[in-house]
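I have a structure here, written as structure tokens, and I will follow up with some questions on it.
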There are 2 protein chains.
Amino acid sequence: MLPSSTVENYLKALYQAQVALEDEKALVPMGQLANAVGVAPGTATTMVKALAESGLVEYEPYLGVRLSTAGAKLAAMVLRRHRLIEQFLVEIMGMSWTEVHEDAEQLEHVVSDRLIERMDAMLGHPSVDPHGDPIPTADGDIAPHRYHSLLTCPLHTEVTVTRVADQDASFLRFLEAQRLKPGQSLEVEARDSAADSVQLLTEGQRSITIGTKAASKVLIEVA
Amino acid sequence: MLPSSTVENYLKALYQAQVALEDEKALVPMGQLANAVGVAPGTATTMVKALAESGLVEYEPYLGVRLSTAGAKLAAMVLRRHRLIEQFLVEIMGMSWTEVHEDAEQLEHVVSDRLIERMDAMLGHPSVDPHGDPIPTADGDIAPHRYHSLLTCPLHTEVTVTRVADQDASFLRFLEAQRLKPGQSLEVEARDSAADSVQLLTEGQRSITIGTKAASKVLIEVA
DNA sequence: AGTTTCATTTTGAGAACTCAAAATATAGGG
DNA sequence: CCCTATATTTTGAGTTCTCAAAATGAAACT
Ligand SMILES: [Mn+2]
Ligand SMILES: [Mn+2]
Ligand SMILES: [Mn+2]
Ligand SMILES: [Mn+2]
């Protein structure tokens, strides 16, 4: 009974929703799951009931769902495949970090264990993918890490972009053009809550201003 | 309406059956198709009717099916992906030619055009895959080639293995162990139709005897 | 021509996944 | 406490793909 692509996508969406909630055993509301998977609300309800039947999730009607231990393990494996594939496409095949997500979204469901471990070895067992997302180990472990973002970090301090919390290609291309991709350094000059904006000084000493929503998606580390 | 994996597998099976029949517009019997796809006869009938409806095949009840021009084009693209993937797995990822078929069987349905063209470029636009199977061009063209096999080639003449007409992993491992993989040279010493066998002298000057069925699957070129 | 054999098609059904729209539950505001 | 807005579930239905087994067609054999 190996899981279908559909099941894998539900589990992965759930995993990511739970990580975003910061709370291990929080329940993910049905609507949010349906939205993440890209399916009508009723469809998610039906699917989740089947997943609960298989022991992959715990379902509390009207409250939400949460992954079981088995479900979380499976989800971590999907995420591992997804991120190793992205890293492979960028490092070995020379594709852009802005365009690998869609390919990985499909490939994650069909690459064999053999193949994924070969990729892992070729890449030297990387710990993060091109977007700075951590890659779970083969046992499903993931190093926990608290991030600052351009919205929460100290002002006038050199910081390095370590992770981008959005896969939208046009957003990633924007970051690349503005020298804001993972690995690049910058300082936050000022924040203006009235204008809903954040002013940055990037590597090339160029000053740019971006919205707070965009700023919150750029995760950083203080140098 | 991009074709599903299922449809792609039917078209590919049909394409290969037609090539084997040597006759461009021969009809492939329903039973053979069902068998190739690995499905019950009635299932193939239902599917073929749907494919005919979509204009991908021509279906003659009780006689068989044949690919339409559109169907043949699509099938050639699946085959192109399959073989480029196999070549990539062997040449770039260092996997064995005996084990790449299964992976390619899945990957052929999900790799994007972008990705497949990247592979093609990295490989220097190869014309054959690790089994010696020709790789169709991006337009679906395939260089026609008549092969001799160890069953039909002249005796006591140096020949080179150029293609293997079977994907079974244990058969391929056997060939590898006996120095009969594509690129290796040998001579046919004798044929014994009563014993149903063919006697060979391989590169290492080792003399081995194989059955005629196996011999017919090893395609060669006279040096 | 009649009968057996084999391939093929038809039938009836089920699994997995999906949606739109109706029904219902929950939570908040008055 | 009622009423309303919103989230969730239920219902009825459709798509794609599959099978087993019955029915039928074609071919082959006497
Ligand atoms: Mn996916
Ligand atoms: Mn990523
Ligand atoms: Mn396939
Ligand atoms: Mn091949």
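Below, chain A is the first sequence line, B the second, and so on; all start at residue 1.
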Q | Member of A:Val164, A:Val100, A:Leu180 meeting the side chain to side chain contact (heavy atoms under 4.5 Å, CB included) criterion with A:Leu172 | A |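 Answer to the side chain to side chain contact (heavy atoms under 4.5 Å, CB included) test with A:Leu172 among A:Val164, A:Val100, A:Leu180: A:Val164.
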> Partners of A:Asp166 by salt bridge (charged side-chain N to carboxylate O under 4.0 Å, His left out), sequence neighbours excluded?
Replying inline: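 Salt bridge (charged side-chain N to carboxylate O under 4.0 Å, His left out) list for A:Asp166, sorted by chain: A:Lys217.
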Can you check the B:Leu33 CG to C:dA7 P distance for me, whole Å?
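About 15 Å, once rounded to whole Å.
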- Message: Rounded to whole Å, please give me the gap between NE2 in A:His109 and P in C:dC17.
- Response: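 So the two atoms are 12 Å apart, to the nearest Å.
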Fill in: Those residues that, when tested against A:Glu22, pass salt bridge (charged side-chain N to carboxylate O under 4.0 Å, His left out) (two or more places apart)
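A:Glu22 satisfies salt bridge (charged side-chain N to carboxylate O under 4.0 Å, His left out) with A:Arg146 once adjacent residues are dropped.
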Next item on the list: Mind jotting down which residue pairs meet the side chain to side chain donor-acceptor pair (under 3.5 Å) criterion with at least one end in residues 35-48 of chain B? Sequence neighbours excluded, please.
Entry: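 Every pair satisfying side chain to side chain donor-acceptor pair (under 3.5 Å) with a residue in residues 35-48 of chain B: there are none.
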Practice task
Under 4.0 Å from any atom of DNA chain D, heavy atoms only: list the residues of residues 1-13 of chain A that qualify, in numerical order.
Solution key: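 Residues of residues 1-13 of chain A under 4.0 Å from DNA chain D: none.
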Practice problem: With sequence neighbours left out, write down each residue that passes side chain to side chain contact (heavy atoms under 4.5 Å, CB included) with A:Asp141, or none if nothing qualifies. | Solution: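 A:Thr137, A:Asp139.
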Could you work out, with side chain to side chain contact (heavy atoms under 4.5 Å, CB included) as the rule, every residue matching B:Glu91, not counting sequence neighbours?
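Result, side chain to side chain contact (heavy atoms under 4.5 Å, CB included) vs B:Glu91: B:Gln87, B:Leu123.
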Given protein heavy atoms under 4.0 Å, the one-letter contact record of nucleotides 4-13 of chain D, with B base, S sugar-phosphate only and - none, is simply ----SBB---
Q | Residues that B:Glu176 engages under side chain to side chain contact (heavy atoms under 4.5 Å, CB included), provided they are two or more places apart | A |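 Per chain and number, B:Glu176 pairs via side chain to side chain contact (heavy atoms under 4.5 Å, CB included) with B:Ser96, B:Trp97, B:Thr98, B:Lys181.
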Nearest whole Å is fine: how far is D:dT15 P from B:Leu51 CG?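 Rounded to whole Å, this separation is 17 Å.
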Query raised in the report: Any side chain to side chain donor-acceptor pair (under 3.5 Å) pairs touching residues 57-74 of chain A, not counting sequence neighbours?
Result: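 Of all non-adjacent pairs touching residues 57-74 of chain A, those that pass side chain to side chain donor-acceptor pair (under 3.5 Å) are A:Glu58-A:Arg66, A:Glu60-A:Arg66.
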